[in-house]
Amino acid sequence: RPRVLSGAQPSADSLHLGNYIGAVRNWVRMQDDNDAIYFIPDLHAMTVEHDPATLADRTRRTVAQYIAGGVDPDRCTLFVQSHVPEHAELAWVLNCITGFGEASRMTQFKDKTARYGVDAATVGLFAYPTLMAADILLYQAHRVPVGEDQRQHIELTRNLAQRFNTRFGETFVVPEGFIPPASAKIYDLANPTAKMSKSAASPAGLINLLDEPKVTAKKIRSAVTDNGTEIRFDREAKPGVSNLLAIHSSLSGRGVDELEQDYAGKMYGHLKVDVADLVTAFVVPFRERTTELLADPAELDAILARGAEKAREIAGRTLAAVYDRVGLLRPA
Ligand code: ATP
Ligand code: MG
C-alpha cells in the first residue's frame, strides 16, 4: 500500500477551517487505502516565538482535533514529532546538503519573517523546510496531502531526496504532494486574497473550529464580499464570493457550477447564511467530540505512545541507512 504522511502544527489552541478542508479531511479519506502516518509537528511550532506553558496542551488539543475530524488511530499511525528523535537527526543531515540560497528562496520563510518581523526570524524558522523534508523522507512516504502553501516545501523535499540518492546511493522514496485544487487554499474571510492562517494578523476572518458556533456564524455573515451582486466563481474579480463558494462546495459536496446555478438571482446574504449553516453543522459535533477526547488526556497519551512506537520502527531503519551512507562511524 502506498504510504501517506501529513501533519498540522500545534501552533494555536484550535485548528481552522482551512486546515480541515485543505488537510485533515483528505487525511481521513486516505487512511484506508494507504498506509497512513499522521503526526503533530511540535518541533515546527517552536520556529516562531512560542509559549512553553501552552505547547504541550496545544499538542494534545491538536491530536484531539485530528481524531474528532475523523483520523482513526486504529487505522493509521498517529504520533508527536518530538517523541521520535530521528526527525531532528535526519533534519541535520539534510541541512548539510541544502544550499543556503535554495533555503533562502522559500516563500513561507519570507512571509513569516514579514509577518513577525525580521528580529523574530530564527535559524529554526529558516530550517523549517529541511525539518519538514526529514518528516516526510524518514517514512519513505509516497504522497503528502497538504494545502497549496506547502507546494514549494514539497518540491524542496523532492529535490533533497533526489540529491541524496544521487550522492550517497538510493535511499529515499521521492514523494509527491497531494494538493486537490478545489480545497487547496481557503482564504481569510476578512481578507480574501490572503490564506486563512492560525497566525493571521486579525481574527476577523479566521474560522477556528473550536470557537463558539455563534461567533463563527457572525464572522461568516461579516465576510468581505465583492462589488456587484452576482454569485459567481471568479478568483480574480470575486475573491470573497469565490472563497465562500469553495467552502460551501467542500462541505456540501456539491459542484461549484451547480451552486452558481442555484444562487442565480439570489443575494450574497443568502450564500452567507447557507455557508454559516454548513459550517455550524460541522463544528457543533466536532467541538463536542474534541471536548470529550480532551477529558481523558491519559487515553490520548496512550494513543500517542503506541503511535510513536510504530513510527520509531520505520524512522530508525531509515536513519540507520542514512548514517551508514553518509559515512558516520556507528557505535560498536
Ligand atoms: P501557521 O500560520 O502556524 O503556519 P497554518 O494555518 O499555516 O498555521 P499549518 O499547521 O502550518 O497551519 O498547516 C497544516 C496543514 O493545513 C498544511 O497541510 C497546510 O498546507 C494546510 N493549510 C493551512 N492553511 C490552509 C488554508 N488556508 N487552506 C488550505 N489548507 C491550508
Ligand atoms: Mg503554515
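One-based numbering, in listed order, for ligands and for the atoms of each. Computed over heavy atoms, backbone and side chain alike; hydrogens, waters and symmetry mates excluded.
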Answer with side chain, backbone, both or neither: which part of Q108 has a heavy atom less than 4.0 angstrom from an atom of ligand 1? neither
Of the side chain and backbone of D149, name the one, both, or neither that has a heavy atom under 4.0 Å from an atom of ligand 1. side chain
What pairs of residues pass the ring-ring contact (aromatic ring centres under 6.0 Å, His included) test when at least one of them lies in residues 266-297, not counting sequence neighbours? Y20-F282, F282-F286
Charged N-O contact under 4.0 Å between D262 and R254: yes
Less than 4.0 Å between a side-chain N and a carboxylate O, is that true for R105 and E155? no
Nearest 0.5 Å please: distance from the CE atom of M106 over to the OG1 atom of T130. 10.0 Å
Need the ligand 1 atom indices (1-based, order shown) with element for anything under 4.0 Å from a heavy-atom of G22. 29 (C), 30 (N)
Does K266 count as lying over the ring of Y263, i.e. NZ or CZ under 6.0 Å from the six-ring centre, within 45 degrees of the axis? yes
For A8, the atoms of ligand 1 under 4.0 Å from one of its heavy atoms are 10 (O), 14 (C)
Quick check for you: to the nearest 0.5 Å, what is the distance between F109 atom CZ and L125 atom CG? 5.5 Å
Restricting to heavy atoms, the pick from N26, D111, N19, I186 nearest atom 28 (N) of ligand 1 would be I186
Select one of side chain, backbone, both or neither to describe which atoms of A184 lie under 4.0 Å from any atom of ligand 1, heavy atoms only. backbone
Contact between K112 and ligand 1, counting heavy atoms under 4.0 Å? yes
Give the atoms of ligand 1, by number and element, whose distance to some non-hydrogen atom of K195 is under 4.0 Å. 5 (P), 6 (O), 7 (O), 23 (C), 24 (N), 25 (C), 26 (C), 27 (N)
In plain terms, say whether E309 and R306 are close enough for a salt bridge, that is, a side-chain N and a carboxylate O under 4.0 Å apart. no
Give the atom numbers and elements of ligand 1 that come within less than 4.0 Å of a heavy atom of S199. 1 (P), 2 (O)
More than 12 heavy atoms of other residues, nucleotides or ligands under 6.0 Å from CG of D51: yes or no? yes
Side chain, backbone, both or neither: which applies to Q9 and ligand 1 if a contact is any heavy-atom pair less than 4.0 Å apart? both
Note: heavy atom closest to atom 21 (C) of ligand 1, options S11, S197, G147, A12, belongs to G147
Have a look at ligand 1 and work out which part of A200, if any, has a heavy atom under 4.0 Å from it: side chain, backbone, both or neither. neither
